Amino acid sequence: MTIQECYAALEGDYEEVLNRLYSEALVRKFLLKFLSDPSFQLLETSMQTGQHEEAFRAAHTLKGVSQNLSFTKLYHSSHQITEALRTKDYDLAGQLLPQVEADYAQTAAAIRAFQGE
Amino acid sequence: MSTNKEQRHTILVADDSDMNRTILRSMLEESYDIIEAEDGLQAVAILQQKDQEISLVLLDIVMPNMDGFDVLSAMNQYNWIDTVPVIMISAESTHSFIERAYDMGVTDYISRPFDMMVVRRRVINTIMLYAKQRRLAAMVNEQIYQREKINNLMISILSHIVEFRNEESGLHVLHIQTMTEILLKSLMRKTDKYQLDRETINLIGNASTLHDVGKIGIPTEVLNKPGKFTPEEFAIMKEHSRMGAEMMRGVPFQDEPLVKYAYEICHWHHERYDGRGYPDGLVGEEIPISAQVVALADVYDALTSERVYKPAHSHEKALAMILNGECGAFQPLLLECLVESSDMIQKEMAVDTVLRGEQRIMENTATEVLQNEELITADRTLRVLELERNKLRFFSSLSQDILFEYTRTPSMLTLYPRGVQRLGLERDTVDPYHNKRVLELMSVDQMTELAQRLQETSPEEPSVEYYFDSHIDGAPARFQIICQSVWSPDEPPQYTGVIGKMVECKGEEETH
């Protein structure tokens, strides 16, 4: 799997990220590092335990990281949940969580597949 | 330190996401040294230690512990914001957030997603701008410093010439100057009758070194006669005040306050408050305050110095003789100042006078620099600080005690090397109340009790003595903490931290 195919699988924008970071090596490095970023897990657990502030910060970080890596799809859903948590609309945030989980799973799977080669 | 052209700049990256820090590091590490902070509290702790080394802060807004705005508040509170530029980096694009950040002093704003070219450009532009400003500030300071240094040097040379002819050591003039300034500072706190301020005190201090300049007109045989003067010789000797006054009248800078004070001092430093002095027999407040203070300093130094006809008296003896009225008559308020400054006088007179001279220049320059807000943390102030730090480091290396400092915002405990070694703690501990290793040494209850006692102190009575039981090296031990609260110069003063020492109590004698 090429890095372009990986971006296609996670529904991101490879052209865009390459334009900003200038080197494929850097994009690859951050892409692989994304798997060890704890913010998604933190978002999930803090949503479960009702720690809303913690959840907001985790969502916010996840959103920032996805944005930096041009993970367009994951950015979109993490942005929405961040705004719901910011406005303290916790019901909405709860409804949005499954989409974030699905997008994260899709992203992580694509990266793992890329990594596996 | 800020003018080195070859220096690699250091950037502090404060972001709670490891990913984001890594991305920024990759973009910048080729040209800059990077320090990372995982949250606001760490960022402030790092700034606390190295604000002079950091050329730029890249600051995230949403962070745990202290967020970006809290960091900016701290940077404003400690004036770091004046010299350390901040660029906000955040996924926050809300207008009010950005506006608030600018209001709090950030220089620029980089929004996500990061673009390598934009990040590098903004960083270099900001650093260059500030570096230029710092270089200019350093140049201006260097000039002020040089000027002050030459001024002091000239006065010092002149007064040493006078002393040389008197066969006295040059220490006498320096002592007079030191003591004059101590007494005037004390007087300034007591009354505004004489409209004293730092600048005036500085001028009178400088002028005091000329008090005996008239002695160059006295024949050597009289001036340096061992043993008692005959009445005729004493009459000749007394002429030195009038001669000094004439000299000061003869110099061309009559509008200069320094010359005015030097004139007063030369002329009337042998007057007495009761009117029985010379040359004019002035009474009480007819004697200018400059001359009154120098007269007292002169008498004290004569008593505590060895002369051909007498040994040196101790500080206590000299004080007793003056208060007893055995050596002249002085204004009661001035005698109060003498008594209250007694410790300070004893301490300052013992300091190596060359060192003191240098320190004095720095203090004065620092004052001048402080009057100009733009130069607030420039080189001169730093030298003074550096000197103080060196002194502290030296003294703490001699001490067997565990010395510590604590700042409240951010909550941070700092230990000196001896304490690090003895207690096995880090040099700096952020948020010690929740630090496992600190808690092993001192329980929450003990810390709370100590904090409570410190809360109850005041700037006038800042000291607290506290005993507690703990363990060290696996064995029970009893400790004594002697510390005092530290207060800000604000009005009203704010309780900002603690300095103190911790001592292991040996044996059973401490039971209270």
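Just so it is clear: chains get the letters A, B, ... in the order the sequence lines come, proteins before strands, and each one is counted from 1. Computed from a predicted model, the values in this text were never measured in an experiment. FYI, side chains are in, hydrogens and waters are out, and symmetry mates aren't considered; it's all heavy atoms of this structure.
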(request) Measure distances from Leu21(A) to the heavy atoms of chain B and classify the residue's part below 4.5 Å as side chain, backbone, both or neither. (result) both

(request) Please state whether the side chain, the backbone, both or neither of Leu62(A) comes within less than 4.5 Å of a heavy atom of chain B. (result) neither

(message) Less than 6.0 angstrom from the centroid, inside 45 degrees of the normal: does Arg86(A) satisfy that with respect to the ring of Phe97(B)?
(response) yes

(message) More than 12 heavy atoms of other residues, nucleotides or ligands under 6.0 Å from CZ of Arg121(B): yes or no?
(response) no

(message) Please classify the contact between Asp16(B) and chain A as side chain, backbone, both or neither, with a heavy-atom cut-off of under 4.5 Å.
(response) side chain

(message) Could you tell me if the side chain of Phe30(A) sits less than 4.5 Å from the side chain of Ser26(B), heavy atoms only?
(response) yes

(message) Could you walk me through whether Met19(B) and Asn68(A) satisfy the side-chain contact (heavy atoms from CB on, under 4.5 Å) test, starting with their C-alpha distance in whole Å, then the side-chain angles of each, then the deciding distance to 0.1 Å, before giving a yes or no?
(response) CA-CA 9 Å; Met19(B) 276 294 286; Asn68(A) 270 328; over 6 Å; no

(message) Heavy-atom count check: over 12 atoms from other residues, nucleotides or ligands less than 6.0 Å from His434(B) NE2?
(response) no

(request) Give, as side chain, backbone, both or neither, the part of Met27(B) having an atom under 4.5 angstrom from any heavy atom of chain A. (result) side chain

(request) Quick one: pull up CZ in Arg20(A) and CD1 in Ile23(B) and give me the separation to the nearest 0.5 Å. (result) 8.0 Å

(request) Quick one: pull up NE2 in His60(A) and OG in Ser17(B) and give me the separation to the nearest 0.5 Å. (result) 11.0 Å

(message) Please identify, among Thr61(A), Asn19(A), Asp37(A), Val65(A), the residue contributing the most non-hydrogen atom pairs under 4.5 Å to chain B.
(response) Val65(A)

(message) With a 4.5 angstrom heavy-atom cut-off, is it the side chain or the backbone of Glu16(A) that approaches chain B, or both, or neither?
(response) side chain

